[in-house]
Engineer: 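Here's a structure for you.
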Protein chains: 2
Amino acid sequence: MVKRTSFAGDACPIARSLDALGDWWSLLIIREALFGVRRFGEFQNKLGMAKNILAARLRSLVDHGILETAPASDGSAYQEYVLTPKGRGTFPILVALRQWSEEFDDRPEEIATILVDREKGRPVKKLEMRAADGRLLSPADTTLKPRPTPRRRSAR
Amino acid sequence: MVKRTSFAGDACPIARSLDALGDWWSLLIIREALFGVRRFGEFQNKLGMAKNILAARLRSLVDHGILETAPASDGSAYQEYVLTPKGRGTFPILVALRQWSEEFDDRPEEIATILVDREKGRPVKKLEMRAADGRLLSPADTTLKPRPTPRRRSAR
DNA sequence: CTTGTGTGGTTGCATCATAAAACCAAATGG
DNA sequence: CCATTTGGTTTTATGATGCAACCACACAAG
């Protein structure tokens, strides 16, 4: 198999995520979708990508349950691509990517937009990792444990 | 230019991040590096990837300032690849990817590990987006603003 | 009903990136 | 000093990407 290696069977959740949205375009398509883009041509205009790979990506995202096709919304006979809950769940990933660029990009002056909260218009806080009890965690404060085998009818 | 389109000049910070680490392997290499992997062969063993593309990815990550080569650490004459602060700054991205998989994966039972805090051994909390004043934000609570032109000697 | 136009794709190449395996040189190890 | 490990590069085959051309359908005008 000389195919581009698939991570779908990998046990690491990061690899599994990358299998669904680790290519060059998927996250940008999702970004547009989060901003309300729904139509094929609209994606194509905003992203400036080739139509064939847009079609391929949309199909892949639909297959992965990130987008779904809806019959219409403005009455036209065409279909739309809308995010599923799983798709909307990628939002923190996009925010993390954005914040990483904002913090570490070599040419931050080229960054055109900042993410603010709608109510106050102020930048959102950096994502932070917290323990279950709320303590702020650094990478070094964390470790990996094997996933516990899920008991049927476990406590609670 | 038929080359794989580069997002380096794009004004969107998400695209800029993807330009550095949006390929199939970079984030997995960084994941290993965050767990202390430093040597070429060690990356190659853990990730099971072809050596040529590992070499290419390592070079790219060094070029992007995510890894840097250090002369040694155990006295041997070989070199090591260690994360820069910029590289360690990708941690929230990896956590977001991991949590997305944990929450939405179709076969969560195949996920082998969970991320816990070292002290209590309990899973880390989901990343949450908060406003500057601490209010919890949903995607719909946010919007994009054009980046303010940075004044030299601006107020504070 | 025929022609035109926009939307939403698919199909053909040309080129690039990726993957596997072979090869290779320097550093260690005995 | 000879063998093996480490850390790669080269070679070659194949898949993915990008662009342009083509095409089918919906819808509207004449």
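Fair warning: this is a prediction, and the values are worked out from it, not measured in the lab. Sequence lines set the chain letters: A, B, ... in the order given, protein chains first and strands last, and positions in each chain run from 1.
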Engineer: Could you give the CZ-to-P distance, from A:R57 to C:dT10, as a whole number of Å?
Structural biologist: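 Atom CZ in A:R57 sits about 13 Å away from atom P in C:dT10.
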
Engineer: Would you say D:dG8 has OP1 or OP2 under 4.0 Å from some side-chain N or O of B:Q79?
Structural biologist: yes

Engineer: Rounded off to whole Å, could you give me the CH2-to-P distance for the A:W24 and C:dC16 pair?
Structural biologist: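 Atom CH2 in A:W24 sits about 15 Å away from atom P in C:dC16.
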
Engineer: Can you tell me how far C1' of C:dA21 sits from CE of B:M49, to the nearest Å?
Structural biologist: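 Atom-to-atom, B:M49 to C:dA21, this comes out as 16 Å.
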
Engineer: Ion pair present between A:E102 and A:R98, side-chain N to carboxylate O less than 4.0 angstrom?
Structural biologist: yes

Engineer: Find the distance A:K46:NZ to C:dT7:P and express it as a whole number of Å.
Structural biologist: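 Atom NZ in A:K46 sits about 15 Å away from atom P in C:dT7.
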
Engineer: Taking the side chain of A:R39 as its heavy atoms from C-beta onward, which of D:dG18, C:dG8, C:dT18 lies nearest to it?
Structural biologist: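 So the side chain of A:R39 is nearest to C:dG8.
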
Engineer: Is B:R38 paired with B:D74 through a side-chain N to carboxylate O contact shorter than 4.0 Å?
Structural biologist: no

Engineer: Nearest whole angstrom, please: distance from the P of C:dA26 to the CZ of B:F40.
Structural biologist: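 Taking atom P of C:dA26 as the reference, CZ of B:F40 is at 17 Å.
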
Engineer: To the nearest 0.5 Å, how far apart are CZ in A:R122 and NZ in B:K145?
Structural biologist: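 So the CZ of A:R122 and the NZ of B:K145 are separated by 9.5 Å.
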
Engineer: Out of C:dT7, C:dT10, D:dG7, which nucleotide sits closest to the side chain of A:Y78?
Structural biologist: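 Closest of the options to the side chain of A:Y78: C:dT7.
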
Engineer: May I ask you to verify whether the side chain of A:Y81 and the base of C:dG8 hold a donor-acceptor pair under 3.5 Å?
Structural biologist: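 Absent.
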
Engineer: For B:A77, report the nucleic acid contact type (base, sugar-phosphate, nothing); a contact means any heavy atom under 4.0 Å.
Structural biologist: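 Sugar-phosphate contact only.
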
Engineer: Tell me the interatomic distance from B:K51, atom NZ, to C:dA21, atom C1', rounded to whole angstroms.
Structural biologist: 10 Å

Engineer: Side chain of B:I53, heavy atoms from C-beta onward: which of C:dT18, D:dT9, C:dG8 has the nearest atom to it?
Structural biologist: C:dT18

Engineer: Is B:F40 linked to B:L34 within one hydrophobic cluster, defined over Ile, Leu, Val, Met, Phe, Trp and Tyr using a side-chain heavy-atom separation of less than 4.5 Å?
Structural biologist: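 B:F40 clusters together with B:L34.
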
Engineer: C:dT10, C:dA22, D:dA16: which one has an atom nearest the side-chain heavy atoms of A:A55?
Structural biologist: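 Closest nucleotide among those given: C:dT10.
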
Engineer: Expressed as a whole number of angstroms, how long is the span from A:L54:CG to D:dG18:C1'?
Structural biologist: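 A:L54 atom CG is separated from D:dG18 atom C1' by 13 Å.
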
Engineer: Would you mind classifying the nucleic acid contact of A:Q44 as base, sugar-phosphate or nothing, using non-hydrogen atoms under 4.0 angstrom?
Structural biologist: nothing

Engineer: Taking only N and O in the side chain of B:W25, is any of them less than 4.0 Å away from OP1 or OP2 of C:dA19?
Structural biologist: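 Indeed, a polar side-chain atom of B:W25 lies that close.
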
Engineer: Touch check for B:F43, heavy atoms < 4.0 angstrom, all strands: base, sugar-phosphate only, or nothing?
Structural biologist: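 Contact class for B:F43: none.
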
Engineer: Side chains of A:K46 and A:F35, heavy atoms from C-beta outward: is any pair under 4.5 Å?
Structural biologist: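 Contact flag for A:K46/A:F35 side chains = no.
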
Engineer: What is the separation between atom CG on B:L58 and atom P on C:dT18, rounded to the nearest whole Å?
Structural biologist: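 To the nearest whole Å, that distance equals 13 Å.
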
Engineer: Can you find a donor-acceptor N/O pair under 3.5 angstrom joining the side chain of A:N52 to the base of C:dG12?
Structural biologist: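 Side chain to base: pair present.
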
Engineer: Report yes if at least one side-chain N or O of B:R59 is closer than 4.0 Å to OP1 or OP2 of D:dG8; otherwise report no.
Structural biologist: no

